[in-house]
Asks: 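One structure follows; several queries about it will come next.
What you see is a predicted model; the values in this text were computed from it and never measured. Per chain, numbering begins at 1; letters A, B, ... match sequence-line order. We use all heavy atoms of the structure for the numbers below, so side chains are in, but hydrogens, waters and symmetry mates are not.
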Amino acid sequence: MRIRRFLDVFTIVSLANSILILSVVLVSLVLVVESLPIIARDGLLPLVTSIWNPVKEEYGFLFALGGSLVTASLALVFSLALSIGSAVMYAEFLPRRFRVIVKNLMDLAASIPSVVYGLWGLKVLSPVLRTYIMEPLSELGLSQFVGRPTPAGTSIFTASILLAIMVTPLASAIIRERLLAIPSHIREALYSLGLTKVEVITLELKYIKRSILTATAVSYGRAVGETAAVAMVVGNVINLEFFKVFKPGYTISSLIADQYPNAEAYYFMKHALFYSALVMFFVSLAINIVLLKFGERV
Amino acid sequence: MEHSLRSRVTKTRRLVLIVGIVLVLSTVGSLIVQKQISQTETATVNPQPESKTTSRLVYITGGGASFINPQMQAWIRVFMEKTGGTISINYQSIGSGAGEAKWLEGALDFGASDIAISKTGYEKLKESGKRFIQVPIIAGSVALVYNLPRFSEAGCTLRLTGETVADIYLGKIIRWSDPRIVELQEGRCRNFLPDAEIFGIHRSDGSGTTALFTMYLSLVSREWAERVGYGYTVTWPRDALGLGEGARGNEGVSAKVQATPNSIGYVELAYAVQLKLPVAMLRNRDGYFVYPNATTVMEALRAAAKELPGPQEFWGDLPLKHYMNREGRLSYPIVGTPAVFMYIDLPKDLADALYEFFKWVLTEGQKPENIVEGFIPLPEEMRIKALQYLELLKPRG
Amino acid sequence: MKPLMLRKIRSLTMLALISTAFALTLLPVLSLIGTVVYNGMSVVFRNFPGIFFDIPAAPGSSEVGGIGPHLLGTMLLVALAMAIGTPISILAAVFTAEAIKSWERNLGRLTRLLTHMMIEFPTIVVGLAVYGLMTTLAPYIRALIPGFRPFSLLSGVIALIMVSAPYMYAQVEDGLKSIPQHIREAVYSLGAGRVLTSYVLLRYLKSTVYAAISISLARMISETAALFFTAFGSNVYPPLDSNLLFRPVGSLTLAVYTLGLSGYENWVELSWAASFILLMLCLALFALSKVVIRGE
Amino acid sequence: MDSVVQIRDLWVSIGGRSILRGVNLEIPRNVVFAIMGPSGSGKSTLLRSLNRILDLYEGVSVKGQILIDGVDVYNSKTDPSEVRRLVGMVFQIPNPIPNMSIYDNVALGPRINKLVRSRWELDNLVRWALEKAYLWDEVKDRLHLPASKLSGGQQQRLCIARALAMKPKVLLMDEPTSNLDPVASAKIEELIVELKRDVTVVLVTHNSFQASRVSDYVAFMYDGQILEVGPTGQIFTRPKNKLTEKYITGRFG
């Protein structure tokens, strides 16, 4: 009894919290300290310029920032369409005995390492997309808007499709669970008003729009930060026209993975890459704030 | 009471599960350990005749140039088999710049680069006062590869000069039919050059290959030296015209050239050989058009070997003057010697292990059976110098 | 009549779109699993069981060798990171949920805020920061441990913990928060102190805790980007001695990445084999977690 | 009079809002003591202050003194879990730990407080508590089943057994029948009357008929204060306070 009063076990437990806090603080500190030299030199310039010329120690990573945002946004659009569709299919149409299989398959898909997705994307998805989607479309005359695909098929578009495939199982699960959790009396009330199934589904989707927002933010966060899979299919080319999505490009993550190894041969490249990481830090912070404010916990 | 019986049953089941997992894990683990031990045992049974018997396992971490990675992995495998695993060498291809930088930081036991220690690196070394050596271990050269189907079918080989290559990548030569290119070709072949735009492909990731290639261009073209310069990563003027594009790694560049008609690119010779891409001839300093191959590369390096600086001197820009564009009828102009960097005052077992490995690399390792297809061993003159440099690694007294 | 037709057409279009989306969601997953199994299994059986123990064959050779060092590396990394990370995240979650005094509550809130920031954080940034930190600290650590290197098992373990601890923390903490107050009060009213109460509540939350652990385990096994600059990768076995913690190790995911991008046929095959083994690990973990959670 | 609980000038505020304002109360041993009052009058807070469960809430400040069986509850040297060991509690919602077995739920208290030294002793204690709670005959063949398998009334009796297994001096009951059907409630009420042989029962209820049926003493609370205390018969036949009268005759509000 006496010992307990002197040495509250629970106070010792607070050590675990301190370790977590310390680690987050240290990570942020390292990012800030390592980016300071380039911030002091260039300020916000690297965010708005697209020159990556280590020979002259010029580092503007707009092309990679743009690439990150474009890939993630495109991936979001595709994955939202896919995940809402498949969640509705699951909750409203799929016979019960298939549900178990589909659910397990999707849950498994969500746990497959991204680098395995990357390998598959490189060897299977890229050639398929190039032959059946990107080339026909650019032949149709879209090439001045979206660029021409390269022979390998790696491009910003490919990366965003791969990302969409990767995040859909998770996003779909969030929407699916909420759809299934809609109380049956609400559904019955809607049907009793004489609405068709499609109209009911539309209303149900409106009813769970918070979950859809959550799924959106989670997908976007994953997509923006994913490295290994993207680095394998995005092409890793300094592409100033990152909006021409059939051309290969860079994302911030793949820029770091690609350029960091050689960075310390220069004075500022390392700092520039840390700066780009810091920018990613703020992007994912913003997404987290959106999630905390408006989303639901998953 | 009945319930306690039941809960004991579920507890037993859980116990069985845990025991099962532990068993599987420990079996795998012990198999691995056993393998290690058996390696060590064979080592003690068959001690290397010359080596000072290192009873402990020594683990060496190295990293750097991706170009030499295949050759390095092959060497490591053979060497580890020969020494029975007393020395483990881990080489990761992280790029030349990283090889130098991480070695300087002390994160690696040895660094490897397509080029020599950079000026910044050399300054850092001087500041720290640490003693080091740099030793060439293999010959390297950059080949220009191209994709001109009709031209190749006609049995022709592209001939280029340094200046035209620089002008192509500078965007000053736009089409294959440009007179500056046409006039270099053999008479019959001039008609087979297409009147099409040249698609210039280059590395997008930082690489020693790019460093070698741009060094050469800086040497032969004043305009290149002023407008672009040389380094692991440069900005490519041709890209701005929409006539150029980057690709990742030697394999990316070769794949892209292979798939894109009317394109040109540069890769390490080994990759061109392996993928059987058409390789251009370059005009050397003496005015002869030469292919990159064992003879021409070794010829160029033989000339350079005479002026190879000491192991602790600043090699810095020297490859530019001394390796590139050498005299000699048979010299190929873009060559280099990928080198490894090591500190001298290391713990004894580590120094011994490094010495043993690189000594093997510079003797047995240079024999044809240990050279990976497409790679070229060091010429004899260079090899002997390298061995001399390596001797510094042996602890004195 | 007309509106009814319109309604029907709308229904059919919607149904078609939904089915397409469903098919497009499942197809890539099936293709992925199929490709990995097809390409990977043949390689695994070509060198069985050596694939689990050997080191990779020389690039371009006709043999494949194995991915033993990478398998060992993944096992070491994940085992250590789990052993350190799990208690830290669970204890921190317990502390946050059961905080009473005002400094405790504030510390809990701060933990919650900061760790939530780290959720969905790009893992390459975590890896980069850990590398930066270890490089800065290296000279000081080396004074204590002479063999220390920033590229090491230790750095890899720290990076893995930082990647997965926020998740585990958030899940356990949410679980503890979601326990109805009257159940918590019931346990306290039996005279349990906070430590005992937390223990009872965690047992009550068993399935949540198991789920959190198995998800963390899966995340750690799957992690690639955070290991680039920390664990560094290795194609050979590190000696299993007291310095093991301070030496670089390989991992299956790094093997998939570097071997897959190498361009050498036998290495790409090895990369498929590593993918296959990773897939099987995930599948086993997935099945195990289903069994354990259902068993509760 | 031998009082097991003594409350002296108790002031409680939560988040700056004062909930209890100067409560004085003495509760005799081995009786059923009912606390009545409209919702929001502070009954539950009073109950929760007795075993320091209030500590779990944020921004609680307590002034005054409570003695339970001689233990000074709010003394800074007193360990809250020592207090809670003396005081059992039964809640409004039946709250056994659902995925724990019936046996383990009852054994929880003895295990936490290390009241028993052997498996055999624990088995006997569990059986004793379940018998006291009139539950033994219904559950003796399925002790290993999770508690969630029981009906609401059974769960509430299980909670009572769980509290009893700790051998408390005082048993706090916070509207224990408000979530049960009439049959289950009747059973619990019957049980409450029996329990006072072993333990002092403090019963919070807003149901004045229940108070009149089971209790020996009644305290009437209003707005954080005790308006009237006395033997049940006296309060229900001759209430001194107008508000009390209104409340028990159902004309309140």
Side-chain angles (χ1 to χ4, degrees), chain A residues 9-10 13-14 16-17 19-21 23-24 26-27 30-31 34 81-86 88-89 102 105 107-109 111-120 122 124 165 168-169 172 196-198 218 221-222 224-225 227-228 232 253 256-257 260 274 277 280-281 284-285 287-288 292 297, chain C residues 7 10-11 14 17-19 21-22 24-26 28-29 31-32 35-36 88 91-92 94-96 107-108 110-111 114-126 128-129 132-133 162 165 169 174 194-195 218 221-222 224-225 228-229 253 256-257 260-261 271 275 278-279 282-283 286:
Chain A
V9 184
F10 222 68
V13 174
S14 74
N17 293 56
I19 292 173
L20 282 187
I21 291 172
S23 60
V24 181
L26 280 178
V27 164
V30 169
L31 288 183
E34 292 285 357
L82 289 184
S83 54
I84 292 178
S86 59
V88 168
M89 182 79 183
V102 171
L105 193 64
D107 288 353
L108 176 67
S111 74
I112 294 175
S114 59
V115 70
V116 175
Y117 274 97
L119 186 66
W120 174 79
L122 183 68
V124 179
I165 291 170
T168 297
S172 173
T196 62
K197 192 153 197 171
V198 167
V218 170
R222 287 261 161 107
V224 144
T227 309
M232 287 169 101
S253 307
I256 296 171
Y260 188 77
F274 267 102
M280 292 300 287
F281 180 95
S284 79
L285 196 64
I287 294 166
N288 271 326
L292 282 180
R297 295 267 348 118
Chain C
R7 267 174 138 185
R10 254 178 55 191
S11 281
M14 187 92 159
L17 282 177
I18 288 169
S19 323
F22 185 67
L24 284 180
T25 309
L26 286 190
V29 175
S31 157
L32 172 90
T35 320
V36 169
I88 290 180
L91 285 179
V94 164
F95 184 87
T96 311
L107 187 66
L110 188 65
T111 319
L114 290 179
T115 46
H116 276 243
M117 256 168 58
M118 290 286 286
I119 292 180
E120 300 299 344
F121 203 70
T123 54
I124 184 134
V125 177
V126 175
L128 194 61
L133 190 65
M162 300 210 51
Y169 167 86
D174 282 351
R194 273 195 286 177
V195 177
I221 291 177
S222 313
T224 317
F228 281 152
F229 312 121
T253 46
V256 175
Y257 187 81
L261 283 177
S271 168
S275 299
L278 272 173
L279 186 69
C282 285
L283 195 66
F286 185 71

Asks: Rounded to the nearest 0.5 Å, what separates atom CD1 in A/Ile112 from atom CD1 in C/Ile221?
Replies: 13.0 Å
Asks: Identify the heavy atoms of C/Ala21 and A/Gly85 that sit nearest to each other, and give their distance.
Replies: CB-CA, 3.7 Å
Asks: With respect to chain A, which residue among C/Pro122, C/Ala165, C/Ser19 yields the maximal number of heavy-atom pairs within a distance under 4.5 Å?
Replies: C/Pro122
Asks: Do A/Phe281 and C/Met117 pass the side-chain contact (heavy atoms from CB on, under 4.5 Å) test, and can you show the C-alpha distance, the side-chain angles, and the key distance before you say yes or no?
Replies: CA-CA 9 Å; A/Phe281 180 95; C/Met117 256 168 58; 3.7 Å; yes
Asks: Identify which part of A/Leu31 has an atom lying under 4.5 Å from any heavy atom of chain C, answering side chain, backbone, both or neither.
Replies: side chain
Asks: Against chain A, label C/Ile124 side chain, backbone, both or neither, depending on which of its atoms sit under 4.5 Å from a heavy atom there.
Replies: both
Asks: How many angstroms lie between atom OH of A/Tyr260 and atom CG of C/Leu128, to the nearest 0.5 angstrom?
Replies: 5.0 Å
Asks: Has the side chain of A/Asn288 got a donor or acceptor atom that lies under 3.5 Å from a matching backbone atom of C/Met118?
Replies: no
Asks: Go through A/Ser83 and C/Thr25 one step at a time and tell me if the side-chain contact (heavy atoms from CB on, under 4.5 Å) criterion holds.
Replies: CA-CA 7 Å; A/Ser83 54; C/Thr25 309; over 6 Å; no
Asks: In terms of heavy-atom proximity below 4.5 Å to chain C, should A/Val224 be classed as side chain, backbone, both, or neither?
Replies: neither
Asks: Specify the closest pair of heavy atoms between C/Gly132 and A/Phe274, including all atoms of both residues, with the distance to one decimal.
Replies: CA-CZ, 4.4 Å
Asks: A side-chain contact here means heavy atoms from C-beta on lying under 4.5 Å apart; do A/Val124 and C/Ser31 qualify?
Replies: yes
Asks: Contact part of C/Met162 toward chain A, heavy-atom cut-off under 4.5 Å: side chain, backbone, both or neither?
Replies: side chain
Asks: Does any backbone or side-chain atom of C/Val94 lie under 4.5 Å from a heavy atom of chain A? Answer side chain, backbone, both or neither.
Replies: both
Asks: Shortest non-hydrogen contact from C/Ala129 to A/Val27?
Replies: CB-CG1, 3.8 Å
Asks: With respect to chain A, which residue among C/Leu279, C/Leu32, C/Val256, C/Leu261 yields the maximal number of heavy-atom pairs within a distance under 4.5 Å?
Replies: C/Leu32
Asks: Please look at A/Leu108 and chain C and tell me whether the side chain, the backbone, both or neither of the residue comes under 4.5 angstrom of a heavy atom of that chain.
Replies: both
Asks: Of the backbone (N, CA, C, O) and the side chain (C-beta and beyond), which part of C/Ser271 lies under 4.5 Å from a heavy atom of chain A, both, or neither?
Replies: both
Asks: List the steps and the verdict of side-chain contact (heavy atoms from CB on, under 4.5 Å) for A/Ile256 and C/Phe229.
Replies: CA-CA 11 Å; A/Ile256 296 171; C/Phe229 312 121; 4.2 Å; yes
Asks: Using non-hydrogen atoms and a 4.5 Å limit, figure out which bit of C/Phe286 sits close to chain A: side chain, backbone, both or neither.
Replies: side chain
Asks: Under 3.5 Å, side chain of A/Asn17 to main-chain N/O of C/Gly108, donor-acceptor pair present?
Replies: no
Asks: With a 4.5 angstrom heavy-atom cut-off, could you sort out which part of C/Val36 is near chain A: side chain, backbone, both or neither?
Replies: side chain
Asks: So for A/Thr168, is it side chain, backbone, both, or neither that comes closer than 4.5 Å to the heavy atoms of chain C?
Replies: side chain
Asks: Quick one: sort the C/Phe95 and A/Phe10 rings into parallel, tilted or perpendicular, breaks at 30° and 60°.
Replies: parallel
Asks: At a 4.5 Å cut-off on heavy atoms, which part of C/Thr253 comes close to chain A: side chain, backbone, both, or neither?
Replies: both
Asks: So for C/Phe228, is it side chain, backbone, both, or neither that comes closer than 4.5 Å to the heavy atoms of chain A?
Replies: side chain
Asks: Quick check on the interface: out of A/Val30, A/Val115, A/Ile84, who has the most heavy-atom pairs with chain C under 4.5 Å?
Replies: A/Val115
Asks: C/Tyr169: what forms a ring-ring contact (aromatic ring centres under 6.0 Å, His included) with it, not counting sequence neighbours?
Replies: none
Asks: Hey, which of A/Ser172, A/Ser14, A/Ala257, A/Pro169 has the most heavy atom pairs under 4.5 Å with chain C?
Replies: A/Ser14
Asks: To check you understand the geometry: which heavy-atom pair defines the closest contact between A/Leu122 and C/Gly260, and what is its length?
Replies: CD2-O, 4.3 Å
Asks: To the nearest 0.5 Å, how far apart are CG in C/Leu283 and OG in A/Ser111?
Replies: 8.0 Å
Asks: What's the spacing between C/Leu17 CG and A/Met89 CE if we round to 0.5 Å?
Replies: 12.5 Å
Asks: Heavy-atom distances under 4.5 Å only: say whether A/Ile21 touches chain C with side chain, backbone, both or neither.
Replies: both
Asks: For A/Val24, run the side chain to side chain contact (heavy atoms under 4.5 Å, CB included) check against C/Leu110, C/Leu114, C/Thr111 and tell me which one passes.
Replies: C/Leu114
Asks: Out of A/Ala277, A/Gly221, A/Gly118, return the one with the most heavy atom pairs under 4.5 angstrom to chain C.
Replies: A/Ala277
Asks: Nearest 0.5 Å, what's the CG-CG distance between A/Leu82 and C/Leu26?
Replies: 10.0 Å
Asks: Under the criterion side-chain contact (heavy atoms from CB on, under 4.5 Å), I'd like the reasoning laid out for A/Val88 against C/Phe22: C-alpha separation, chi angles, the key distance, then a yes or no.
Replies: CA-CA 9 Å; A/Val88 168; C/Phe22 185 67; over 6 Å; no
Asks: For the atom pair OH (A/Tyr117) and OG (C/Ser275), what is the distance rounded to the nearest 0.5 Å?
Replies: 12.5 Å
Asks: Of all of C/Val29, C/Val195, C/Leu24, C/Leu133, which one pairs up most often with chain A through heavy atoms under 4.5 Å apart?
Replies: C/Leu133
